[in-house]
Amino acid sequence: MISLNGFWDFGFVGELEEYKGIEQVTFTTSLPVPGCFDLEPGLKLRRGVGVYKTSVVIGGKVTLKLGGLGPAAEIFWDGRKVGDCVLPFSEEEFRFDAGEEKAHTLIIAVDNRADDTNESLFPGFYDFYRHGGIYRDVFIERTPDREISYLKVIPKDIVKGVAEVTVELTGNFPAETDVTFSFDGKEGEVCCVKNGKGTFLLSVPDFKVWSCETPHLHHLTASAGQVERTVTFGMRIIETKEGKILLNGNAVKLLGYNRHDCHPDFGFAMPEMMVKRDLEIIKAQGCNFIRGCHYPQSSIVLDWCDRLGLLFWEESLGWGNKEEQLVNETFRARQKEQTRRMARKSINHPCVILQGFMNELRSDLEPGLTLIRELAAILHAEDGSRPVTYACNIPFQDIALQEVDVVSFNIYPGWYINAQMSDVQQFDGEGLEKALQKYETILERPELKDKPFIISEIGGAALPGWHGDVRWTEEYQADLATAVFTHVLETPRCSGVAIWMFCDTRSFNDYRIPSRPRGFNNKGLMDEYRRPKMAWNAVAKLLKKR
Ligand code: ADA
């Protein structure tokens, strides 16, 4: 496998010019891959087509592997188009004939212009900036004749140490193939795989349970002759029972944040050391949970959550999707494909304890209900070991909560005023308590009473350095966050909270900017450079006291 990360030639055609294709592009500079071109000096927040070009020596049948880019791209090999990327943030593989062994030109033309068609998974109205770039790693390899294309490990028994292992073989393997499964380099067990796919119950020798306090990891290597694949996994069981989320049989309270995998200087291509730092400070504050809003995550994020013992909610890309999108066949197909790929990509990460999709879709409408059913079915079929959820912002109108395993509400008492809340300027602890209790009455419905409930978003904005006791001040946000955490800790029916949000994040930059001062969503408990606001310190103090 050849890594293509590094500096690529780069040319840009701005949105005011007519983009006529890659032939028109002049390469004027070099830019890093992974990286977001629209944060580079001279291109900051510009929209257009950013064309990346590199050269690679390879030949024959090849597979190009992209860890995720966005919002959309075309791929060219020696000037010939070999693929389109329409699933932002998803892993993509393109297989093609590279021709003879020599230096070839690879071009990835990333388009960050507005795509407000109903087909797009990443239209312009989302409340996080639509950066253009190659967000994650790029690799190329000669396509092997045979490969172990999938290896999934689902822990089944953490007392005896049993895991269910599924293997898929691709290529010209015999109808019956012996595969050796070896845990942590120990002596392996041989199983016969018939017709390219097999599922086996295997004992994990000398296993240790994965938990937030002891995030032990194991490795499994499957080998079929010369062909090998190794994956990392953890022995932990996540389930829901009588309104609780159980980790390894014990009720767990999820305490943490929504986090965009984003930074004002790097966009969605954050360097690993900075991602790790974010996760470490969340853990050190006393939290155990992150909701990865609002798209499939990089392996960097999930690998570090595995190692640090942080519990994670991963979800497919979506934000308040409207009816016109929900009824669009292409949109639905893309959404399903992204959700399926996400489940397969993340299958072995012990940190992923909840899988979700489509933040705040119109779950009050029939097309929303149908899509929720279909997406939940995909996740249950691909995985089956993790509870499924979605973040609902219209709890009183929703018609789909019964379709998923965990009920999750995005609610903003104390910040946004909605029909259920009185119009208050100053939201005190008592008002918040009453508002939350009102939402929680929904859980008394018979079809919901055994489902765990979490607050998937709640919070208010604070402009860094702005003081006083009214909205937008650090003090107001700190009081709100303290009241929320206190409520969650004291309410047995509530299994957790992901505060909106970890740090300020660049958002829309259009006519709606007055609601996003500085062009940022300012509801972070840290600012965009991870400098704590008062709310961060208040929550830290509260969690230390537990
Ligand atoms: C939401 C949404 C978030 C963010 C938040 C806000 O409910 O899910 O992405 O937009 O509101 O700050 O208003």
Side-chain angles (χ1 to χ4, degrees), residues 70 88-89 121-131 256-262 267-268 289-297 313-322 325-326 335 354 356-364 368 372 389-398 401 406-421 427 435-436 439 454-464 471-472 476-477 480-481 484 497-528 533 535:
F89 299 95
L121 292 190
F122 204 175
F125 63 84
Y126 291 2
D127 184 8
F128 45 101
Y129 196 80
R130 211 169 76 261
H131 286 292
Y257 292 95
N258 283 274
R259 175 181 178 275
H260 271 293
D261 191 31
C262 201
F268 299 122
F289 178 52
I290 294 173
R291 173 171 173 235
C293 54
H294 295 300
Y295 32 79
Q297 300 289 304
W313 161 337
E314 189 177 27
E315 66 189 22
S316 65
L317 177 59
W319 193 89
N321 299 97
K322 308 172 194 156
Q325 292 171 296
L326 301 181
Q335 192 58 242
L354 279 171
F357 39 76
M358 298 199 65
N359 175 60
E360 299 188 349
L361 82 165
R362 289 293 306 268
S363 55
D364 56 334
I372 286 169
T389 191
Y390 64 93
C392 164
N393 67 330
I394 36 174
F396 289 103
Q397 295 84 25
D398 182 285
L401 292 169
V406 173
V407 174
S408 305
F409 293 162
N410 288 359
I411 43 183
Y412 281 87
W415 192 253
Y416 295 129
I417 303 305
N418 82 15
Q420 279 77 40
M421 305 301 149
F427 220 83
L436 292 175
Y439 281 114
I454 59 183
I455 303 174
S456 37
E457 284 184 32
I458 191 165
L463 289 171
R471 289 178 201 211
W472 296 98
Y476 184 84
Q477 185 195 39
L480 195 57
V484 167
V497 62
I499 290 266
W500 186 264
M501 61 177 159
F502 166 59
C503 71
D504 294 346
T505 305
R506 195 186 299 283
S507 182
F508 32 69
N509 201 18
D510 55 21
Y511 64 95
R512 296 165 296 173
I513 205 165
S515 67
R516 296 287 176 267
R518 315 181 299 124
F520 281 80
N521 187 317
N522 292 286
K523 298 187 192 74
L525 271 62
M526 300 231 176
D527 76 2
E528 64 276 24
K533 300 181 193 170

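Since the structure is predicted, the reported quantities are computational estimates derived from the model, not experimental observations. Order of listing sets the numbers, starting from 1, for every ligand and every atom in it.
- Residues Glu457 and Tyr412 have side chains in contact (heavy-atom distance under 4.5 Å, counting atoms from C-beta outward).
- The minimum heavy-atom distance linking Pro464 with Lys533 is given by the pair CG-CE, 4.1 Å.
- Protein residues with a heavy atom closer than 4.0 Å to ligand 1 are Asp127, His294, Trp319, Asn359, Glu360, Asn410, Tyr412, Tyr416, Glu457, Trp500, Arg516, Asn521, Lys523, listed by chain and number.
- Annotation: Tyr295 is in aromatic contact with Phe128 [ring centroid separation under 6.0 Å].
- Classified by interplanar angle (parallel below 30°, tilted 30° to 60°, perpendicular above 60°), the ring pair Trp415/Trp472 is perpendicular.
- Counting only N and O atoms by type, the side chains of Tyr416 and Asn393 include no donor and acceptor under 3.5 Å apart.
- Of all heavy-atom pairs between Gly414 and Tyr476, the closest is O-OH, 2.7 Å.
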